[in-house]
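Only a predicted model underlies this, so the values are computations on that prediction, with no experimental measurement involved.
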Amino acid sequence: MICTIYSHHLGLEKIKEIFLSYEPKGVFSNNGENLEFEVKGGILSPSKKITIFYRERAVPSYKIPEIDDSDLTANLKGLYGFVNSLPTVNEKVKNLFLHKILTLNSEFSISQDKGEIKELNSIIADIAKEFDAVLFVQPKTIISKSETQHFLDKDLNLIIDTDGNCEIDDLGVSINSEYFDDDQTELEEDQIQRKANSEKILEKENIKINKHLPCVESENETILRTPKEIAERVSVLAVTNLVAFNSISPEEAIDYLQNYKLWDVTTEGEKEFLADPTDDKKAYESWKCEGIWTLMWALNKVEKLDFPNEFCNLENINSEDYPVGKDKDPFDFINSINETRTKSEILDAADLYYRYNWACVDERINGRQMESINPGIVYERQYALNWLINYMDQDWDNVTCDT
């Protein structure tokens, strides 16, 4: 077995096309659940045979259902647990990879059974790129990048191996808009209007628009996080942020969170960060400034979410309105919070940042640099907004920013 390829997209016929583009004399045949590709040999050249095992989910989607609808769905849940258990030198990429696993719909394994197809490396590379795939690879194969079991991205770069190594800084998570269609057969007026308003803003800002992107949830479908829940979340974020910027030690942060009864609402990811705040983890965590800014906006402590081209400055928030500080009881802040911005305001922002993020991802996929807005700022704000609207009922550590 050379590798197992996973993708959000379907398309056994496309796989056949790619193989035949390199080996036009090859012939495909079905052998039970397997697909065999054979290139007949001659007097001086042996025959070559590849076996492809392909399967897909019963109902392609952009999320994994609680009830298994196919063997592949059950396998993907196991895959998620396996990746989640791995150590890593890059928390950001690992989290993005976990989010990408949730969107996978197809799986195909490739084994070279007879002879050697010299172009197989190129064939696999083309399939990976065409399907925006992730690959599970064993060591010592033609595409291996590690001496242990590992995963590669669509460009055959190392996402993560069982030792936690990583050689990329980002990983795209894209979703086919047609998989939203079944969920959006009956749109409500506020959804339609919200999408139209967001597109007007994007048009004015000269940012690319994808008319096929679905609407975010309606106001009737959405249950916002409670004011107290938001206040507690931003309080914990504010503490971990101080560690990220070396303002306090991790030991001081842990003592603070425990003494003021916030440890129970500190996530497992945050506890792992505080237990071992490496420089890479601090750099990743420092981006949460934008999440803090967004949650403080939701609590009416920040006037507006400015255009996402410049980083926020948390020092611009009045110290009396900030949840934590030296000898400051965060529950003075938490208990003072009784309301948030309206559901309509928060959904407006969630819809807009969803479309901002799509534009950023589209630029990256096409090898261009987004100039007008900062993709990192957009991602972190959308992350916080998706948490606020309970997107897919995900907890803080597992929020996805699908595009």
Side-chain angles (χ1 to χ4, degrees), residues 1-23 26-38 48-86 97-114 117 120-121 123-138 141-144 149-154 156 159-160 171-183 400 402:
M1 184 72 67
I2 295 172
C3 65
T4 301
I5 302 175
Y6 296 93
S7 176
H8 175 64
H9 306 288
L10 311 179
L12 190 54
E13 292 304 314
K14 189 63 182 179
I15 297 171
K16 292 180 181 180
E17 288 179 20
I18 293 173
F19 266 91
L20 290 170
S21 70
Y22 284 90
E23 289 282 2
V27 177
F28 280 99
S29 60
N30 288 317
N31 180 14
E33 293 183 329
N34 299 335
L35 185 69
E36 292 185 348
F37 180 69
E38 186 170 9
K48 296 172 279 189
K49 183 186 289 186
I50 295 289
T51 299
I52 303 168
F53 175 78
Y54 178 88
R55 60 181 177 174
E56 59 188 49
R57 288 174 52 190
V59 181
S61 181
Y62 57 95
K63 56 187 176 182
I64 295 178
E66 293 183 11
I67 299 174
D68 294 346
D69 60 4
S70 64
D71 290 341
L72 178 54
T73 300
N75 180 59
L76 291 174
K77 291 179 180 179
L79 179 64
Y80 185 98
F82 173 63
V83 172
N84 196 36
S85 70
L86 296 178
F97 185 27
L98 288 170
H99 296 164
K100 195 172 184 74
I101 290 171
L102 297 176
T103 73
L104 299 176
N105 287 311
S106 65
E107 171 197 86
F108 36 104
S109 301
I110 298 176
S111 64
Q112 189 162 253
D113 299 331
K114 183 192 296 183
I117 294 181
L120 188 55
N121 195 330
I123 291 171
I124 292 172
D126 282 4
I127 291 173
K129 193 174 290 291
E130 176 70 26
F131 282 81
D132 186 26
V134 292
L135 294 77
F136 179 59
V137 183
Q138 300 292 341
T141 75
I142 57 173
I143 60 170
S144 295
Q149 291 180 324
H150 54 289
F151 294 89
L152 305 181
D153 68 3
K154 66 176 183 178
L156 304 188
I159 300 173
I160 192 171
L171 182 68
V173 182
S174 300
I175 289 178
N176 192 331
S177 60
E178 71 179 86
Y179 297 144
F180 286 95
D181 292 346
D182 290 339
D183 291 343
T400 57
D402 304 319

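Checked options Y6, F131, F53; the residue passing with F108 is F131 (criterion: ring pair (Phe, Tyr, Trp, His ring centres under 6.0 Å)).
Between Q138 and H150, the closest heavy-atom pair is O-CE1, 3.8 Å. Across I142 and N121, no two heavy atoms sit closer than the pair O-ND2, 3.3 Å. Annotation for L171 and F97: closest pair CD2-CA, 3.6 Å, computed over non-hydrogen atoms. Minimum interatomic distance between I124 and L135 (heavy atoms only, all atoms of both residues): CG2-CD2, 3.7 Å. Minimum interatomic distance between L98 and Y80 (heavy atoms only, all atoms of both residues): O-CE1, 3.4 Å. For the residue pair P60 and N105, the shortest heavy atom distance occurs at CA-OD1, 3.4 Å.
Residues that satisfy the side-chain contact (heavy atoms from CB on, under 4.5 Å) test with A74, not counting sequence neighbours, are D68. Residues passing the side-chain hydrogen bond (donor to acceptor under 3.5 Å, both in side chains) test with E130: none are found, sequence neighbours excluded.
With rounding to the nearest 0.5 Å, the separation of CD1 in I127 from CD1 in I52 is 6.5 Å. Atoms CG and NZ, from L72 and K77 in turn, are 11.5 Å apart once rounded to the nearest 0.5 Å. Note: E36 CD to I50 CD1 = 10.5 Å, rounded to the nearest 0.5 Å. To the nearest 0.5 Å, atom OG of residue S7 and atom CD of residue E107 are 11.5 Å apart. Here the CZ-CG distance, from R57 to N75, works out to 12.0 Å after rounding to the nearest 0.5 Å. For the atom pair CD1 of I143 and CG of L156, the computed distance is 5.5 Å after rounding to the nearest 0.5 Å.
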Assess the residue pair Y54 and L10 against the criterion (side-chain contact (heavy atoms from CB on, under 4.5 Å)); give the C-alpha distance rounded to whole Å, side-chain angles, the decisive distance to 0.1 Å, and a yes or no.
CA-CA 10 Å; Y54 178 88; L10 311 179; 3.9 Å; yes
Verdict with reasoning, F19 to L120, per side-chain contact (heavy atoms from CB on, under 4.5 Å):
CA-CA 8 Å; F19 266 91; L120 188 55; 4.2 Å; yes
Can you list the steps and then say if I2 with Q112 is a side-chain contact (heavy atoms from CB on, under 4.5 Å)?
CA-CA 7 Å; I2 295 172; Q112 189 162 253; 4.0 Å; yes
For K48 and E23: C-alpha separation, side-chain torsions, deciding distance, then whether side-chain contact (heavy atoms from CB on, under 4.5 Å) applies.
CA-CA 10 Å; K48 296 172 279 189; E23 289 282 2; 3.4 Å; yes
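Few gaps surround CG on D113; more than 12 heavy atoms of other groups in view lie less than 6.0 Å from it.
Between the side chains of N34 and T51, not a single donor N or O lies within less than 3.5 Å of an accepting N or O.
Classified by interplanar angle (parallel below 30°, tilted 30° to 60°, perpendicular above 60°), the ring pair F82/F151 is tilted. Between F37 and F28, the ring-plane angle classifies as tilted under the 30° and 60° cut-offs.
Listed for the S106 side chain is no donor-acceptor partner under 3.5 Å among the backbone atoms of E56.
A 4.5 Å side-chain heavy-atom check between D132 and K100 finds at least one atom pair inside the cut-off.
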